[in-house]
Structure formats: structure tokens, C-alpha cells
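Working notes, structure below.
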Amino acid sequence: MSKSMAEETRTQWSLQCSQYLGEISALCFLHFPTHLSSLPFLLAGSGSQLMLYDLESGKMLRSFHVFDGIRVHGITCLFIDCTEGTVSSKLGFQLAVFGESRVKLFSLVIELFLGTQNQSEVSVNLNLLHLLPKFGNWVLDVCFMKGFVSSYNEGSHCLAIGCSDNSVHVWDILNSIVILEVQSPERCLLYSMRLWGDNIEALRIASGTIFNEILVWKVVPKYNAPSSKSPVEDHFDQSYPFSNHVLFHYQQFEAVHMDKLAGHEGSIFRITWSSDGSNLVSVSDDRSARVWAVHAERNGSDKPGYSIVPELDGVVLFGHNARVWDCCISDSLIVTAGEDCTSRMWGLDGKQLLMIKEHIGRGIWRCLYDANSSLLITAGFDSAIKVHQLHGFWSKGSDGRAEVKEFIDRTEIFTARIPASSEHNGLMDSKSEYVRCLHFTCEDSLYVATNQGYLYHAKLSKTRDVKWTELVQVSNEVPIVCMDILSLKSSELSGGVEDWLAVGDGKGYMTIVKVLSDVSAPKVSLTFSWQAGMERQLLGTYWCKSLGYRYIFTTDPKGTLKLWGLYDPSPSVSHSSAGHYNVSLIGEFASCFGIRILCLDASFEEEVLVCGDLRGNLVLFPLLKSLLLNTSVASEEKMSPINYFKGVHGISSVSSVSFARLSSNQIEICSTGGDGCICYLEYDRDQKHLEFIGMKQVKELSLIQSVSEDNDSVDDLASGRYAAGFASVDFIIWNLITETKVVQIPCGGWRRPHSYYLGDVPEMKNCFAYVKDEMIYIHRNWILDGEGKIIPRNLHVQFHGREMHSICFVSENLQLRANGKHNLYSRFSWIATGCEDGTVRLTRYTPGVENWSASKLLGEHVSGSAVRSICCVSEIHVFASEANTISDGRNRQVVDTDNGENPFLLISVGAKRVLTSWLLRNRRLDKEEALADQQYSEIGSSNKPSSGVSSSMSFQWLSTDMPAKYSSSHKYPEDAEKLVGAAENVSSTKVDAISHFQGKGKMDIKPCLGDKYEDDWRYMAVTAFLVKYAGSRLTVCFVVVACSDATLALRALILPYRLWFDVALLAPLSSPVLALQHVIVPICLPSEESIQKGKVYIVISGATDGSIAFWDLTGSIEAFMLRVSTLHVEKFIDCQKRPRTGRGSQGGRWWRSLSSSLSKRRVGSGLVTTKGGDGTDHNKLNHVASRTELLINDSESSAAACSQATTSLQLEVNTDDSSSETCEIRPSHVLNNVHHDSESSAPACSQATASLQSEVNTDDSSSEIYEIRPLHVLNNVHLSGVNCLHVSDIKDCQSSLGGFLFNIISGGDDQALNYLRFELFLLATVTDDEFVTPDIRNSISGPEITRPFVTYGENQNKNYAIKFLYHEKIASAHSSAIKGVWTDGCWVFSTGLDQRVRCWSFEKHGKLTEHGCLVISVPEPEALDARACGRNNYQIAVAGRGMQIVEFSGICEMDGGE
């Protein structure tokens, strides 16, 4: 007995929730005495937790878990006391936190250590005072009040609670009892309620009813009320709990109706009172906000119970494009926040003053405004908390009300005219002088060039005056068409700055002006000119800071770039003498596109010049050091491009280009353009290869002019990245880290002459100048360090703005140390999520005060189609043919995986059958690079990396596959009944309610026939794995996708060429598949386990009819790998070079594609169906691509712009019966700019006709995609759909047959959790007698459940069998549908719509036992994933409406036989 007890499982476990990353549902200020803190603290409610922020530092101080599974709906605070000492000051608050029908009262103590603002010097303590009884209705508002003056507990505080049944309860905090409960005269359900008043007599209630009306009522003493009861007896009238008359401290009270405010045409979501209670603001479903005036007191003639409807002068605030969720009001300002993700500021007269749009997703749910500090806080579904500071100047009107006189930031506005224009007071004519170019050099220095050849300098003073200095007239009445400035430290003035101005005029002359910036006035030190081009042919001039002032570039309209060298004259000649200054043409760079170049950047060390042109192309030229260092005046050299990329920004112009990062042999290039995108490319100097690696689309900007970053500042926020550009007629500076708008200035658009200058912290230091109607407008916001705070800022990580359907840990082996101990590095995790809005994010979780430290936007699915499923692919499976058998295959696989060249992929699928692959870019950096990487923001990053942990992990877009326009997915043929007959031989098993397996020989086929032009299908599930051919650089990513039209397809992505192939169709299916998993088992020779003969590839699917099916893909995969190894795939057109966006990147045009799928031909009239394990010839085309999607776009492919080619792709099929035919794939139009060789180092600028032929040998004339029948089907595993499925191998358990053991866990809508254990082993290892009477027992019922089924491979060494061992079904594992499961063979984790995470362990004979349950904050969970971060230490991630991590620690010691 003692021995059996020792063998039992012993488990110790602990569950702990991390911070919830999701919607912000409540906001509240904590105001301090001004001498302690100039800005208040902020309390935010998210999920079931409270977060406390210091607005001065922008840091989170603490987070507290206050509810279990209940979302925080509101927070109310009351300042209690302040105790000041010599070392620290303690401030006490009382907090009332409510959610649903619960209210909790807390005591919050904040201790501030004087003389420091460091986060570590702030101590926070939160204690629970009272848990109020559960109310019968939802709580809508709570406010603190003082007790009655005449009561026995004078001076004590009460808590007024408003409920959704239009009732108010008063809670005595001191005695912890309800002392008053009063019901409104009009009993109805409410959507919203807001209380106002600091005591019972002044209490006013505004209720938003379901009838779109606002009822305003109050509680007043009843006249002539008897007071015969004792004080103890009349605390609460038990006989009339909902009556209008309630006894309270010797008096009776009644609810008196004051106003009924009608006008809204939709549900009233939020109501707020003004500070004096005379006005209230309401927001509604009708997209409007209304201001109401409310009478404070009743007239003396009014009788009790009569309603008073005052004459209202209501103001309607209409401007939101969707529902309005929240509002707040001050003495002179109204703020509203809505579903359109905008926060709008209004005057009391209804005029909109300002609009802020920085959130994403389902909108802004909460807004909060503090009039003392002018701080505006907005928070919404995207988890972000934005802080803005609004500075306005108000004055009292004639009626005593505040009027907004001016509503601007702390910005100085200068207005000035050029000197000649100020003297001319009439209308402009053809001879008038006007501004052609503007250029800032610093915050108070602006250079202006005019159409008459004048060059001016404007000095901006602190008194908003402009001091003009005429520098030079470069040409007589010839307009200046281009200007660029290079500012350097002066060699002539100590500590001064010298500006090198390069201007080009309409005659083709270049003029260089050297200006010394003196304190009194700028001085021209040097000027000289030369003929740089023909008349009207000089359009641009550019300095390059890395090359210095000795080299200047000029451009012409035909894409020719000239490099000029400026050499000092002889020492005997004065520097002011222009005639003796040496200028020579060093080289000409001719673009292969022949389009005007708009921007450039050069690297002297890397010897590379990169240029961007008017049509979105990038061209790379060699810039040899020998060419630059040759000081002798020699004839120019003509340089050809070394590489190029067509259509980086579609057909939109490239506005800026720069080298974002340099490494030993790779250059990272960053470009911005008129499509509102920031693109990143990587250039390999050794291979001369240019690759698109990432893109960030800034939807708030239609044109991005530049991206700036500053890594020298000490402040964390200053190390962020800022995008400057235009949206319509506004100039905008956008913070890419916090996703906030720094500056927005209406200027008329980018076509006007303009210039901007950004300081180290653009939130505090920025300048912008533009020209309008002969006037130069200069906006300068320049706050010195220490004079202000960095606002706007983002307090919380911005996340998905909509629901998530998929989640996946992106884990690496390096994150877990060899000893199994988890530390900070091993426990921090990267999590990939896919959202309903089509975005894919990579988010980092770190244990600590602030769990979510970074969230990177990887990209977006085409057209924003929803992401339904996501999976991570990291392990490489090596494939070897029979002639190339892998000896010691396990070790060989490890060697191949560690070479650093194998891809690490992320696959995401979703609506409109979009399949996107992402490639990991996690470089292993040394110490110096790791230090630099902390300052370097990764591509697509939307949050700053936390200090101390390198955030080098990121994914780049790799490839996107989607059907062409009007194409239909795989449908069943008209003779689908023949497919039913073919499926009758498929082994099938039914699972009944008592967990018995019973045979069933036929599947019900329900063909999903529909309109062939319908394109509303979506991918529901995906699983993928990587197979590498031994001895080749080719790696194939096999992707199995399940479509909503009840089809299951095997696709192949060939790397590194990004070619997509259809390999096989898995059929038949009776209903759509919702979950996919795969199992890969190595097959070794029976005598020698180290000799690997191949692998078995099995896919397991769970469908909506409750069935689980097994599919063998081995034959198709091996035949495809053999076929690919003989084809020259590098000669295929590699044309999809960059991701597709929905904006100007495509120029509004559809992607061109070759709708050229090889016809699915049949033998006779029937459908050819093959079993996955049947032996077939390796050269069959059936298992190779019958359709290769070659996406061609002249704006996307990296082809030469000057080539005009007509391409036909021919696939020549040679069959064994000597029949031959050619399947020609011809596009419906002439394809321009076809790139034939992706490895070519130089563009082919010629007219050509290309054809690509591939000889394929087959056994017959068939060239269709073959359907693979299921290996085995388990019917009715669930009573309804299989929502989730997970498979894991059991590494520590060895079966008696020497096979591989696997666990399958599934969850469904029937709330059941199913567990199935099966074994896969070679047939040669057992005898046939063992299959006749297997000794397999079910843990519940005991009888024999099934006999194993056998499938045959291509040779006898691959014959294997699958045997089911245990089956367990927990009928009510959750109280609602199960949405996510995960197992590792020891533990099982599950979650469902009941907002629970349950932990199960495997007991003896496969029985599942629950060992833990935790309520999470994620509403409507949709997906679950987990990872082991130590021995019996797990992180469980749950996603739905938000995301949360559950830390689970347990010890499981199973029986030795198990």
C-alpha cells in the first residue's frame, strides 16, 4: 500500500496572473499639493487591475489586481490627508473601485521621498478596506460624500452608489452598512448615470435611460416628516427597500424629479456634470454630444413630485464619425472621445477647437481633462494611454462665461515678408519677387531664396521679430530653383558655425556661398559659381554630410546625377576670390530608370551611393574611395548602377533616403516616400544583393518627408524615432515610438515652399516655416531643457485595437539555459499575435513592474484582412534521397540547424485567403553591437525597448500568397459522389458519449459548391514545417491551410526564392477545419537506429462536425523535394519583392498576376485520387506544383525600368508513353520590366523576349493536383466543432514497441476536453499477432476500444502503424465553449469563454486531473499558447479582447511506467 502511494502523482502548483494588455476602461486623477508635484498621478483601470502612473516621469509605479474576472468600470478617489516630514511625505487616499455589480473600497498610501523624482523613491501601498455587498444591478457611478451635519456621525464620509435600475444607495464607510436606498420616481433601466454633490442634500443624479432621455433627479427631505424612531432603528427602512420615502437620521427623504432632457436619437453612453452642477454633457450612439443647462433649485411654488422642465439653450456638438463613448467638461472646454479614434475639444458655444487622432481600433473609451495642469488623458481599446497638454488663453465674456480667445500650443508664431516684398504693397505681377526655397539651419536661423536670384538670411528673435540680411544675388533676375545647406563647425570662428549654401538657378549655374554665423549678423566668407548644366536642366543640388563640403551633387530631369569636387585654391590666392577656386566634375551616375532623382545618401567607408527618384525607385551606385581621393582635375567617369529596387514606394516619389545602420558586410537603408511608408532594405556588399526587409506604414501621414532619430540624449523618449510629413493640408510630426502626434500645423500642403527643424526632443523643440500669400509663417516651439515636460507621451504599450484570434510564442533555444534554471533572460518572451484588423504584432513580456515593455508592428495583411491563425516554424527537417542516406541523422540535423543560415519563419493566414510569411531577423550580436542595439529601434517598432534587455528580435516580411482577383478556391467537382465512393475505404472511427470507439465506414460529403467568382472565403487554420534538402541551399516551407469552404490544401514556399507551389489537396472533407497540427517522426532501420531512412509527415485536423482526421503527407512531400532538387528554381521569376499595401504603393492599381494554373485534368471522367502513403514515382508532376503563382508588378518587381519584354512561361511535360505536350502560361497582357535573374548584379536595360522551360517526366499525362485521402477519421469526438487542437510527443516515456508516443488534446463548443494517446511505430518491430488482440484498455470503460490501423509507405522500411492507447473525455471541463488548449505530455492547459485558465495533469492510465483554475481578465478568449521557461515552470498566454500571461509553476512526478 505504501508503495502504491509513493507511485501516485504528487503535484505542487501555483498560478499567478500578469498584467492584462487590453482595453483601458477607467481613468482617475490623484491630485497632490502643488509643492510636492506639479502634475497629478494617474490611476487607470484595465481588465481586473489598477495601474498607477507618475505623469511627470511617465513611468508606471505599481499595478494591483483588484477583481477576479470583473472589469474595472470606474474609479473614484478622495484625498484624506498629507503628512510631511524632513525626508518624505505621505499622502493618503481612499479609492472606490467598481465593476459590474461589485464595489470595493481601498486605502492608498503614497510616500514621496523629497529631493528626487526617481521612480524607486516612490513607495505605494494599497489595502482593501471594505468589500461592499453585491448589488442586484450593475453599478454605473460612485462618489464620495460627507455625512449629515445633524447626524450622530458628523464629519464621517459616505459613499453614494448609482445602479442601473435608477436607484441610489448610500454606504456608511465608518459603520460599513447601507444607510440609504432611494429609487427614482421613474423606474427604468439605464445605460449611464452620473452623480454630483458632496453631501446628501446637494446630491444630483443624471440618468441616461434606454429611451434616449436623461432624467435629472435629487434626494430631498420630505416635508412634515414624523421622527418618532430612534437613531438606530431608522438607519434603514426594511419594509420599503425601494420606496421613494426612506428614513435617514430623524428625517424622511424622497426622490424628486427635476428635469427630463430629450434630444438624443440613440443610446446615451456617458454623462458628466460641470463643476458647479449647472450644466451637464451627454454623449450618445447618434454620434453627437449635447450640452444641457439644469436648474439647481426648485421654485418655491413647486410641489413635491412634480417635474420641472427648464427652458434649455442646448448646444449640439456634432463632428464625430461614429459613436461617442466619453466626455468631460471644464469651465471653458468640452472634450469628447469616440469610436472613430478621435478626441475632440469644443468650446461651450459648440465650435470644435482641436482634434487628436492617435488611437487605433475600436476607438477611445475614456477621456479625462485636468484644468489646472491642462492635461488631457485619452485611453481606448488599443491599451494605449496618451497624455497631451493643452495650453489655451481664456477671458470672461460679457455674460460672465469663459470664452476661448486662442487655443494653441506653446508656440511662437512669426510672420514676415522678404525685404523687397514688404516694400511692394500692390498685387503681385510677373515682376514681383517671391519665395522659391526655405531652409532652417537652427531654431533661429532661416535662409530664403527668391525667384530673382536673391539669397536672404532671417534671424528670429525672442520678441518675435525677424531681422533680414541680404547675402548675395547669385544671378540677375534668374530664379533660384534649388537650394541645399550644410552646416559645419567653423574653422574661422571659435565655437561658431559655418553654413555652406549650394543654390542652382534656371540657367544651369551652381553657386556656392559660405556664410559665417556671427552673433551680430551673418557674413559671407566665400562665393563662387560654375556652369553645372544646361538651361532648365538643373533641378536639384544635394550635399552629403558624410562626404563634407568638398563634394556636391546635382541632378537633371533624366535621372543623371553629377558629382562635383570642390578643391581649395593655392594658399597665395585669397579665399574670397571665386575665379581661382577649383571645381571639377568627378563622375556621372546615370539611373537605369531615367527618372529624376529627388534624394540621396552616400557612405565614404562603405563606398556606396543610394538614390531615390520621382517614381518610387531606389538605385545603388559604387562610390569608390579612389575616385573621391583623386585630387587631380581629370575627366569624369561614368558610373553604372550596381543594383536597384523598382517600386520601393510604388509609384509615389521617394522623399528621403539614408543609411540606417552599418555592419561588417551589410548596409541597412531607410527610405520614406509619398505613399506614407517607411521602407527598410538590406544591401549585401559581398553578393551585391539588395533585399526588402521591412516596412512601416504611418497611416496618419500621406507623405513622409523624413525620419529622424536622436540617440545621444539621456532621456529615453528622446531616443525615439519621429516621422515628419504631411496629411492633406497639414504638416505633422509623428512619434513612431509612442504613436502620438507631436505637431500639427495647417499650412496648405507640401507643394508650398516650406522647411522644418527638429531638436533633440521634438515634443519640446520644433520649428516649421511655410509660405502663403507672399507671407512667411514661422511656427516655433522651443522649450529649453528643464522648463517643461516631454508631452505628448504614451504611458502604456499600444497594442492591437481589435480582437485577436491567434497567438504564438516565438521562443528560441537560447532563452533556456542548459541547467534548466530560469532567469530574467530565459523568462522574458516574445509573443506573436494576429488581429481582426489584419495586423501582426510581436510583443515582449518581461516579469517585473511593467510586464509589457515593447510591441512591434510587423505588418498588415493585404487590404487589412483579418488574421485567423498564426504559427511559428523553426525546426529544420533534413530530407535525403535513397542514394543519400543520412548516417546518424539526429546529429546531422543538429549540425545543419546550427549553421545560422536556416530560416526561422512566422506564418499568418486569414480572410480573403491571404497567407503571409515572415522571416526572423534576430542577429546574434557581440557586446559592442548589443550596446548599440539598445539605442537602435527595430524596424516596425512601436514602443521603446526597455533598458537592460536587448530587443534585437524582429521579423521581416518574406512573402504573401493570395488568390488572384475573381479566382475561386478548390471546389468539389460535379461528380463529387465518386469521391464519396473513393472515401469509403478510409478507416473511420466514431467516439460516443461513453468514450467508446466504434467503426464507421463512410463519410458524409457536403460539397461546398458556390459561385466561382465568390472570393469571401477565409483561411481558418494553418500549420507548417521546414524541410531542407541535404547538400543544397534550398529550404522548403510546407504549409497546410484550412479554408472556410471545407478544403484543406498543402502549399510549398521555396526559399530563398519566395516561390509558391500547390502540392496537394486533402480531401474529402465533410465540413470546414478549425484546427491543424502536425507530427513528424524519423524512420530508422530496424537494426541500426542511427541510420535514418526518412521521415513520416502526418497532419491532424479538427473540423466543425466534431471529427478529428489523420493525413499522411509523406509521399507528396518526398516526391516534391526530389522534383525541386532537379529543377532550376533560381531561374524562375522572383518578382514579389515587397509587401502589398492598400495605398499609393500600388498606385491604386490591382496586382497583375499570371492566372495560369495548370488545368486539373482527369483520367477519363473520374477524379484521380491517391492515398498519401501509396508508392509513386518520384518524378511525378502530381506532387510538384501544378500551379506556380508568379506575381508580376512593374512597380513592385526589381526589374529594369527600361526593359520591355514579352514573357511566356512554358512547362514542357515529357511522359513515359512518348506523348508530349506543352502547357503554355501566357499572361493576358504584355508584361513590362520582367526580371529574369534575381541574382543579377546589374540591370538588363534592353528589349528581350524570355521563356522559361522546365522538363518534367511523369508516368502518365496527368498534371493535376492530387487529392490525398485521410489516413483515419475519428467521428463525433466532440458533439460540435473542434475549436482547438494540440499535439505533443512524450519524450520521457518509452513504449514496449519502441515507437513514438503522442498526446492529442482537443476542445470544442460542447465544453468538453478530449485526450487521446497514440503510438506510431515501424511494422517490422512487431508481429502480426499483436495486432489481432491488442492489450489496450480505456481508463474509464475498460473494454477494448479499437485495433490499430496500418498504412504502407513507399518501401518496406517505412511501413508503420498507429495504435490508440488511451482516450479520456471530460464532459464539462469548462462552463462554456473551449477556445484554446496546449500540452507538453505532462501538463494540459485550457481556456474557454468562461474566462478561466485550467491546468490539468496526466495521471496513471492517461486520466486527466485538474490541479488549478484561475480567472483571467481577457474577455472572450480566442486562443491559448504556452511555453516552458524552466523545470515545471510555464508561461501561458491567452488572447482575445486583449492578452494576458499566466505564470504556472508545478512539480509532476509520474509513475515510472507512464
Side-chain angles (χ1 to χ4, degrees), residues 813 873-899 902-903 1023-1032 1034-1038 1040 1050 1052 1077-1100 1110-1122 1124-1125 1172-1173 1175 1178 1183 1271 1287-1304 1317-1326 1348-1363 1365 1384-1385:
N813 297 331
V873 191
S874 59
E875 185 178 0
I876 301 290
H877 303 278
V878 180
F879 171 79
S881 62
E882 295 181 3
N884 188 20
T885 302
I886 300 178
S887 177
D888 196 7
R890 293 184 177 89
N891 296 332
R892 172 69 176 273
Q893 179 174 331
V894 173
V895 173
D896 288 344
T897 305
D898 292 339
N899 59 12
N902 295 308
T1023 187
F1025 47 89
L1026 290 167
V1027 180
K1028 185 180 182 65
Y1029 194 88
S1032 171
L1034 288 180
T1035 302
V1036 180
C1037 179
F1038 289 97
V1040 182
L1050 175 62
Q1077 289 284 297
H1078 70 269
V1079 171
I1080 300 177
V1081 179
I1083 301 297
C1084 302
L1085 291 177
S1087 58
E1088 302 180 48
E1089 294 185 357
S1090 62
I1091 304 300
Q1092 180 178 315
K1093 294 298 296 181
K1095 296 188 178 182
V1096 175
Y1097 303 87
I1098 295 177
V1099 168
I1100 305 171
F1110 293 75
W1111 311 80
D1112 185 6
L1113 310 181
T1114 307
S1116 299
I1117 290 174
E1118 291 183 351
F1120 184 84
M1121 292 299 297
L1122 288 173
V1124 167
S1125 64
H1178 294 304
H1183 303 289
L1271 195 66
V1287 180
S1288 71
D1289 58 344
I1290 309 173
K1291 299 179 181 179
D1292 298 332
C1293 300
Q1294 296 294 330
S1295 67
S1296 59
L1297 302 177
F1300 297 86
L1301 295 175
F1302 295 93
N1303 286 338
I1304 301 179
R1317 177 177 293 186
F1318 70 91
E1319 179 183 5
L1320 188 148
F1321 53 88
L1322 288 176
L1323 283 180
T1325 61
V1326 296
F1349 60 92
V1350 182
T1351 180
Y1352 296 93
E1354 297 181 2
N1355 53 66
Q1356 293 301 317
N1357 291 328
K1358 287 188 180 179
N1359 291 347
Y1360 62 89
I1362 294 179
K1363 179 185 292 186
L1365 302 179
D1384 64 345

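Counting from 1, the numbers follow the sequence of the chain as shown.
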Inter-residue atom distance [X].[atom1] - [Y].[atom2], 0.5 Å rounding:
X: Leu1301; Y: Leu1365; atom1: CG; atom2: CG; result: 6.0 Å
X: Ile1098; Y: Leu1271; atom1: CD1; atom2: CG; result: 6.0 Å
X: Leu1113; Y: Glu1118; atom1: CG; atom2: CD; result: 11.0 Å
X: Glu1319; Y: Ile1362; atom1: CD; atom2: CD1; result: 10.5 Å
X: Lys1028; Y: Ile876; atom1: NZ; atom2: CD1; result: 7.0 Å
X: Asn1303; Y: Asp1384; atom1: CG; atom2: CG; result: 9.0 Å

Looking at every heavy atom in both [X] and [Y], which two are closest together, and how far apart are they?
X: Leu1026; Y: Glu875; value: CB-O, 3.7 Å
X: His877; Y: Ile1080; value: NE2-CD1, 3.2 Å
X: Phe1300; Y: Pro1082; value: CE1-O, 3.8 Å

* Tell me, with the steps shown, if Ile1117 and Leu1050 meet side chain to side chain contact (heavy atoms under 4.5 Å, CB included). => CA-CA 9 Å; Ile1117 290 174; Leu1050 175 62; 4.3 Å; yes
* How would you list, by chain and number, every residue that makes a ring-ring contact (aromatic ring centres under 6.0 Å, His included) with Tyr1097, sequence neighbours excluded? ->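 Residues passing ring-ring contact (aromatic ring centres under 6.0 Å, His included) with Tyr1097: Phe1025.
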* **Phe1302: ring-ring contact (aromatic ring centres under 6.0 Å, His included) partners, not counting sequence neighbours** =>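 Phe1318.
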* **Check against side chain to side chain contact (heavy atoms under 4.5 Å, CB included), Val1040 and His1078** => CA-CA 9 Å; Val1040 182; His1078 70 269; over 6 Å; no
* Under the side chain to side chain contact (heavy atoms under 4.5 Å, CB included) rule, what do Leu1320 and Val1079 come out as? Steps first, then yes or no, please. => CA-CA 10 Å; Leu1320 188 148; Val1079 171; 5.6 Å; no
* **Under the side-chain contact (heavy atoms from CB on, under 4.5 Å) test, residues paired with Ser1125 that sit two or more places apart** => Tyr1029
* Is a donor on one side and an acceptor on the other found under 3.5 Å between the side chain of Ser1288 and the backbone of Gly1385? ->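 Looks like yes, one N/O pair under 3.5 Å.
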